[in-house]
Amino acid sequence: MLNFGRTRAQPRSNRSISLGGMDYSDPKRKNNVVGKILLAATLTALCIIMLKQSPTFYSPSPFSLHEEGVIHVLVTGGAGYIGSHAALRLLKDGYRVTIVDNLSRGNIGAVKVLQELFPEPGRLQFIYADLGDPKTVNIIFSQNAFDAVMHFAAVAYVGESTMEPLKYYHNITSNTLVVLEAMAANDVKTLIYSSTCATYGEPEKMPITEVTPQVPINPYGKAKKMAEDIILDFSKNSDMAIMILRYFNVIGSDPDGRLGEAPRPELREHGRISGACFDAARGIIPGLKVKGTDYKTHDGTCIRDYIDVTDLVDAHVKALEKAMPGKVGIYNVGTGKGRSVKEFVKACKKATGVDIKVDYLPRRPGDYAEVFSDPSKIYRELNWTAQYTDLQKSLQTAWRWQKSHQNGYGSPLVMAS
């Protein structure tokens, strides 16, 4: 028997009803969708209102604003040996600092030390970036209100430059051009350029003055001179304030023991003589290799002008203070006194208390016999003179840091002095 009666209530369909090829939505479902949209819009509006009422909503980064009484300095290569010491001095003097470094030669540990010393908002920021990328560099400049640039970033080993010259021309010359273009495009008006005595090559007469002919004999010196030439050509039609500092052989470290020199292990053979002396004193290498004993000097070894890093960064700060729009200043930064490599080794032995073994080897390619400065111009015009001129004391300061940081910035050790 067929049952035509309804045995249970049927649920209402939420699906559209099709009549004659036309769809008609269920009105209750439509109301639910509209309600959800309105709820979402209301919540969004409330969130925006709450954010706008927050004191930080309209507050851009202090690094993106020019602030009266505050000078914002971009320190390229600020994670490196000299750059980190310069950043420390700037921060101590009340400057706002941005460090840009790709860490190919620098140490993030140095940046962390600075961040711990100056944790206040708006004092210090670190940007990991490569100056060889023009797009990235332009973004950095467009997002930050720089008042000045201290351009330290560079590979800086004479021996390595003879083996990998293209790296040096790219890293020094090309990257300086990128920085200069970004400065011009973003109206940054002051440049303090880190150059070198290597641009002079092997002068016929000592001491070296700022008008001594520049005839570099290795790719490092040539790349720096090319960068200088670019800067000088640009300055002829610019009102930028420019200071070029040609400094000599850098030694020492922060007198308070906060920063030091920590080159990568694979670069030790190309590094500064002070680093090699300390490595020999610590037993990392079996002895010190002195390359070249047949130079025309009083003891046959190279003569150099050794400048303490604390004095060097003081020269940079004085250059920044004295920089004038539309003017270019070029200065040698040295002690004015040359010391032979043998004299240096003797001072290092006394500073470390270790009788370092010394091996005398043939000359290193690209080296020159004698280089020391005449610093009278920088004294006359910037009122700067080297204060840390005791070679042994500078080495003792650096040695203390080396002893307490046997893994560089990796894991500091507490050791008795």
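Looking only at side-chain heavy atoms (C-beta outward), I251 and L391 come within less than 4.5 Å of each other. Under the 4.5 Å side-chain criterion, counting only non-hydrogen atoms from C-beta, K222 is not in contact with Q214. Side-chain atoms of D254 and H85, non-hydrogen and from C-beta on, do get closer than 4.5 Å to each other. Counting only heavy atoms from C-beta outward, the side chains of S340 and T297 never approach each other to under 4.5 Å. Between L131 and V178 there is no side-chain heavy-atom pair separated by less than 4.5 Å. You'll find the side chain of S64 stays beyond 4.5 Å of the side chain of Q143, heavy atoms only. At a threshold of 4.5 Å between non-hydrogen side-chain atoms, the residues M240 and L191 count as touching. Using a 4.5 Å cut-off on side-chain heavy atoms (C-beta onward), K224 and T176 make no contact.
Of all the heavy atoms in A79 and I99, the pair that sits closest is N-CG2, 3.9 Å. Heavy atoms only, all atoms of each residue included: A351 and L395 are closest at CB-CB, 3.7 Å. Across all non-hydrogen atoms, the minimal contact from N171 to V155 is OD1-N, 2.8 Å. When all heavy atoms of I356 and C348 are compared, the pair lying nearest together is CD1-SG, 4.2 Å. Residues P219 and Y169 share a closest heavy-atom pair of CA-OH, 3.8 Å. Closest non-hydrogen pair, S195 versus T199, comes out as OG-CG2, 3.8 Å.
Judged by distance alone, the side chains of T209 and D374 never bring a donor and an acceptor atom under 3.5 Å apart. Defined by atom type and a distance below 3.5 Å, a donor-acceptor pair is present between the side-chain atoms of S373 and D305. Side-chain atoms of H66 and D147 include a donor-acceptor pair closer than 3.5 Å. Using modelled atom types and a 3.5 Å distance limit, the side chains of E261 and Q402 yield no donor-acceptor pair. One side chain, N144 or Q125, offers a donor N or O that lies under 3.5 Å from an acceptor on the other. For the residue pair T76 and H151, a side-chain donor N or O sits within less than 3.5 Å of a side-chain acceptor on the partner.
At distances below 3.5 Å, at least one donor-acceptor pair connects side-chain atoms of S84 with backbone N or O atoms of G80. Here the side chain of Y81 pairs no donor or acceptor atom with the backbone of V309 at under 3.5 angstrom. Distance alone, capped at 3.5 Å, places no donor-acceptor pair between the N186 side chain and the V188 backbone. Remark: side-chain polar atoms of N407 are not paired, donor with acceptor, to backbone N or O of G410 under 3.5 angstrom. A donor-acceptor pair under 3.5 Å is absent between the side-chain atoms of N107 and the main chain of G109, judged by distance alone. Under the 3.5 Å distance criterion, the side-chain polar atoms of N175 are left unmatched by any main-chain donor or acceptor of A154. A donor-acceptor pair under 3.5 Å is formed between the side chain of Q387 and the backbone N or O of T385. Under a 3.5 Å cut-off, the side chain of D256 and the backbone N or O of R258 do not form any donor-acceptor pair. Side-chain atoms of T173 come within 3.5 Å of backbone N or O of A223 as a donor-acceptor pair. A distance-only check finds a donor-acceptor pair linking the side chain of R96 to the backbone of P62 [under 3.5 Å].
Between K167 and E160, at least one side-chain N (NZ, or NE/NH1/NH2) sits under 4.0 Å from a carboxylate O, which counts as a salt bridge. Using a cutoff of 4.0 Å between basic side-chain nitrogens and carboxylate oxygens, D133 and K135 are not scored as salt-bridged. Note on K296 versus E370: no salt bridge recorded, every NZ/NE/NH1/NH2 to OD/OE distance being 4.0 Å or above. Ion pairing of K322 with E381 is absent here, as no side-chain N (NZ or NE/NH1/NH2) approaches a carboxylate O to less than 4.0 Å.
The aromatic rings of Y128 and F126 sit tilted, their planes meeting at an angle between 30° and 60°.
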I would like to know whether I330 and R246 meet side chain to side chain contact (heavy atoms under 4.5 Å, CB included); could you show each step before the answer? CA-CA 8 Å; I330 300 175; R246 297 171 183 157; 3.4 Å; yes
Run L259 and L114 through side chain to side chain contact (heavy atoms under 4.5 Å, CB included) and show every step you take. CA-CA 9 Å; L259 298 171; L114 295 172; 4.3 Å; yes
Start with the C-alpha distance between Y157 and R105, add both sets of side-chain angles, then the distance that settles side chain to side chain contact (heavy atoms under 4.5 Å, CB included), and finish with yes or no. CA-CA 11 Å; Y157 295 131; R105 300 288 165 97; 3.6 Å; yes
Would you check, one step at a time, whether the test ring-ring contact (aromatic ring centres under 6.0 Å, His included) holds for W401 with F278? CA-CA 11 Å; W401 191 88; F278 296 147; 9.9 Å; no
Intermediate values then yes/no, side chain to side chain donor-acceptor pair (under 3.5 Å), R282 and Q406: CA-CA 9 Å; R282 288 167 53 192; Q406 293 191 16; 4.8 Å; no
Could you go through D294 and Y360, starting from their C-alpha distance and side-chain angles, then the distance that decides it, and tell me whether this counts as side chain to side chain donor-acceptor pair (under 3.5 Å)? CA-CA 10 Å; D294 59 347; Y360 294 97; over 6 Å; no
Checking side chain to side chain contact (heavy atoms under 4.5 Å, CB included) for the pair I192/L245: CA distance, chi angles, key distance, verdict? CA-CA 7 Å; I192 313 299; L245 302 185; 4.3 Å; yes
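Interatomic distance, CE of M243 versus NZ of K318, reported as 12.0 Å (0.5 Å rounding). Note: Y200 OH to I217 CD1 = 15.0 Å, rounded to the nearest 0.5 Å. Taking NZ from K225 and CD from E228, the interatomic distance works out to 7.5 Å, rounded to the nearest 0.5 Å. Here the NZ atom belonging to K337 is positioned 8.0 Å from the OG1 atom belonging to T389, to the nearest 0.5 angstrom. For the atom pair CE (M226) and CD1 (I230), the distance works out to 8.5 Å, reported to the nearest 0.5 Å.
Looking at D311, V333, I307, V313 one by one, the single match for side-chain contact (heavy atoms from CB on, under 4.5 Å) with V250 turns out to be I307.
In this structure, H316 has its ring center under 6.0 Å from that of Y247. The aromatic ring centroids of F248 and Y306 lie 6.0 Å or more from each other. Remark: aromatic rings of H72 and Y95 are distant, center separation not under 6.0 Å.
Other residues, nucleotides and ligands place more than 12 heavy atoms under 6.0 Å from the NZ atom of K189. Open room surrounds NE2 on H170; 12 or fewer heavy atoms of other groups in view lie less than 6.0 Å from it. The number of heavy atoms from other shown groups lying within 6.0 Å of CG (N237) does not exceed 12. Crowding of E120 atom CD: a count of heavy atoms from other residues, nucleotides or ligands under 6.0 Å exceeding 12.
For R363 and Y295, the positive end sits near the middle of the six-membered ring, less than 6.0 Å away and at most 45° from its axis.
Judged as a salt bridge (charged side-chain N to carboxylate O under 4.0 Å, His left out), the pairs with a partner in residues 339-352 (not counting sequence neighbours) are, in order, K349-D355.
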